[in-house]
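Report on the following structure.
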Amino acid sequence: MFLPCPGIAAATIFSPNKDVSVSERQLRVAFDGDAVLFSDESEQIVKEHGLDKFFEHEQTNENKPLAMGPLKGFLESLGKLQKKFYAKGQRLKCPIRTYLVTARSAASSGARALKTLRSWGLETDEALFLAGAPKGPLLQKIRPHIFFDDQMFHVEGAKELGTIAAHVPYGVSQRYKKVED
């Protein structure tokens, strides 16, 4: 049995049943936001008080950065490598591309995610706000080499459509498992 340790990034990797071609010239890494790059603070609000309170909480705290999640350091390391290419004027030729793929809505809660990254001096090449839509179809289009998420629902959805997905066992979602009939 795997027991996560606070402060140590970990994930279980799930390979898809079908082969999907990915770029051989560019490493593409996709991250969920809450409980992966960021703490699970906002996800706790959703689980305990519902979406309305979550939206209210995010609006009230829009300018307060979220605490770091378990994979913030990994994004930071990728960013340092990217900046070496940017410094040489090779931004468009950089062999690393990062994505934030989140169920958050751009209009109601996306600003806090972006402002948090900015406050850390980090960025992603693309930030995709899905407003609760499934992540698998979008991941199928961008074809990352790996996608990190804390919720098995999204990991399974990505895997079913051909994306290598990694489950990050962190945060409140690990305590709220759905019981199947």
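Between the side chains of R28 and T98, no donor-acceptor pair is found at a separation under 3.5 Å. T163 and Q140 are not linked by any side-chain donor-acceptor pair at a separation below 3.5 angstrom, with hydrogens and angles left out of the test.
With a 4.5 Å cut-off on side-chain heavy atoms, E126 and R97 count as touching.
Looking at every heavy atom in both residues, V101 comes nearest to A30 through CG2-CB, 4.1 Å. Closest approach of S119 and T116 over heavy atoms only: OG-O, 2.7 Å. For the residue pair S109 and F55, the shortest heavy atom distance occurs at OG-CE2, 4.5 Å.
Both M68 and L100 are part of a single hydrophobic cluster, where members link through side-chain heavy atoms under 4.5 Å apart.
Once rounded to the nearest 0.5 Å, the distance linking OG of S39 with CG of L66 reads 5.5 Å. Expressed to the nearest 0.5 Å, how far OG1 of T12 lies from NE2 of H167 amounts to 7.5 Å. For the atom pair L75 CG and E123 CD, the distance stands at 9.5 Å (nearest 0.5 Å).
When the options V155, D150, D149 are evaluated for a side-chain contact (heavy atoms from CB on, under 4.5 Å) with M152, the one that passes is V155. Exactly one residue among F31, Y170, Y99 makes a ring pair (Phe, Tyr, Trp, His ring centres under 6.0 Å) with F148. That residue is F31.
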**Request:** Take K135 and D32 through the test salt bridge (charged side-chain N to carboxylate O under 4.0 Å, His left out) and record every step on the way to the result.
**Result:** CA-CA 10 Å; K135 297 176 182 179; D32 177 36; 2.9 Å; yes

**E58 and R112: CA distance, side-chain angles, deciding distance, salt bridge (charged side-chain N to carboxylate O under 4.0 Å, His left out) verdict** = CA-CA 7 Å; E58 291 303 290; R112 187 171 188 205; 3.0 Å; yes

**Request:** Using the side chain to side chain contact (heavy atoms under 4.5 Å, CB included) rule, take Q151 and E43 through it: C-alpha gap first, then chi angles, then the decisive distance, then the call.
**Result:** CA-CA 11 Å; Q151 296 186 45; E43 211 158 283; 3.6 Å; yes

**Request:** Please assess E41 against H57 for the test side chain to side chain donor-acceptor pair (under 3.5 Å), listing each intermediate value before the final yes or no.
**Result:** CA-CA 10 Å; E41 165 196 327; H57 174 79; 2.9 Å; yes

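Relative to the six-membered ring of Y86, R91 meets both conditions, a distance below 6.0 Å and an angle of at most 45° to the axis.
Under a 3.5 Å cut-off, the side chain of Q82 and the backbone N or O of C94 do not form any donor-acceptor pair. In this structure a side-chain-to-backbone donor-acceptor pair under 3.5 Å is present from H145 to S23.
Q90 CD: more than 12 foreign heavy atoms inside a 6.0 Å radius.
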